[in-house]
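Report on the following structure.
All heavy atoms count here, side chains included; hydrogens, waters and symmetry mates do not. One-based numbering along the sequence shown.
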Amino acid sequence: MSPNADPPVCKIADLGKLKYMSQKKAAEARKKQKTIEIKEIKMRPNIDTHDYETKMKAVRRFFEEGDKVKLTLRFRGREMAHLELGMKLLERVREDVQEIAKVEAEPKLEGRQMMMVLAPR
């Protein structure tokens with residue numbers, strides 16, 4: 001315990017008990033930690049108001065549970081010609097959850113999908 005003392009001081013310990021106690025401490029630490037999941041919400045650019053409200057209710061519930069939310073907008077067919085509708089929808093989502101969440105990844109287009117990641121404050 002104190003090798004620099006005169007005379008040196010040491011403690012005789014049970015190695016099995018020491019290993020057991022360290023395992024118990026590690027298991028207790030693992031039990032207390034919260035894993036953050038990423039929940040995904042899929043929408044279309046021409047979503048109706050009631051459908052939008054239902055999706056936003058789910059988003060708020062995910063934030064209360066402490067999870068991150070990934071919003072995915074899927075464009076099909078000629079919707080690709082109107083990407084500004086998707087950006088407008090994601091900006092609306094950002095404004096609606098501004099007080100409870102922050103934008104972690106800005107909206108970006110990947111192929112036929114536009115994605116944005118939000119994290120709880």
Side-chain angles (χ1 to χ4, degrees):
M1 289 295 172
S2 296
N4 299 334
D6 190 36
V9 179
C10 71
K11 179 179 174 184
I12 299 174
D14 184 8
L15 185 63
K17 183 177 178 181
L18 192 69
K19 282 184 178 179
Y20 174 75
M21 293 306 276
S22 66
Q23 279 179 343
K24 291 288 274 186
K25 201 176 286 186
E28 189 70 29
R30 270 197 310 274
K31 189 163 52 172
K32 288 183 179 176
Q33 78 182 21
K34 167 84 170 91
T35 57
I36 297 176
E37 294 182 31
I38 296 182
K39 304 284 188 169
E40 186 173 17
I41 299 285
K42 293 185 179 180
M43 295 184 190
R44 295 279 307 281
N46 56 350
I47 190 168
D48 199 35
T49 54
H50 185 264
D51 296 333
Y52 175 79
E53 293 301 323
T54 305
K55 299 278 188 183
M56 292 311 294
K57 198 181 296 182
V59 167
R60 287 189 184 93
R61 190 180 74 239
F62 293 150
F63 287 140
E64 288 169 8
E65 294 170 3
D67 297 324
K68 293 182 181 180
V69 175
K70 176 181 174 184
L71 286 160
T72 304
L73 252 68
R74 175 158 293 152
F75 295 93
R76 288 164 61 187
R78 291 193 184 156
E79 291 173 348
M80 285 299 290
H82 301 287
L83 296 176
E84 70 277 358
L85 292 176
M87 282 302 286
K88 202 180 296 182
L89 179 64
L90 289 179
E91 289 300 321
R92 182 176 161 201
V93 170
R94 178 189 295 193
E95 290 170 12
D96 286 350
V97 297
Q98 190 172 15
E99 60 276 349
I100 58 172
K102 62 179 182 279
V103 177
E104 197 167 85
E106 292 293 326
K108 64 179 178 199
L109 188 69
E110 292 180 2
R112 292 191 161 273
Q113 294 182 348
M114 193 176 283
M115 286 184 242
M116 177 169 77
V117 179
L118 300 167
R121 286 196 187 269

Mind jotting down which residue pairs meet the salt bridge (Lys or Arg N to Asp or Glu O under 4.0 Å) criterion with at least one end in [range]? Sequence neighbours excluded, please.
range          : answer
residues 50-59 : none
residues 13-23 : none
residues 69-90 : Arg44-Glu79

Verdict with reasoning, Met56 to Val97, per side chain to side chain contact (heavy atoms under 4.5 Å, CB included): CA-CA 9 Å; Met56 292 311 294; Val97 297; 3.4 Å; yes
Non-neighbouring partners of Tyr52 that pass side-chain hydrogen bond (donor to acceptor under 3.5 Å, both in side chains), sequence neighbours left out: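 Tyr52 satisfies side-chain hydrogen bond (donor to acceptor under 3.5 Å, both in side chains) with Asp96 only.
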Going hydrophobic residue to hydrophobic residue with side-chain gaps under 4.5 angstrom, can you get from Leu85 over to Leu90?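 No, Leu85 does not connect to Leu90 through the hydrophobic network.
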Can you give the donor-acceptor pairs under 3.5 Å from side chains of residues 105-121 to other protein atoms, not counting sequence neighbours?
from	atom 1	to	atom 2	distance (Å)
Glu106	OE1	Arg94	NH2	2.5
Arg121	NE	Gln98	O	3.1
Arg121	NE	Ala101	O	3.4
Arg121	NH2	Gln98	O	3.3

Note: Ile41 and Ala58 closest approach over all heavy atoms is CD1-CB, 4.2 Å
Any chance CE of Met21 has more than 12 other-residue heavy atoms, nucleotides or ligands included, within less than 6.0 Å?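 Incorrect, the count does not exceed 12.
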Set of residues satisfying side-chain contact (heavy atoms from CB on, under 4.5 Å) with respect to Lys42, sequence neighbours excluded: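 Glu40, Thr72.
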Can you tell me how far the CD1 atom of Ile38 sits from the CZ atom of Phe62, to the nearest 0.5 Å? 12.5 Å
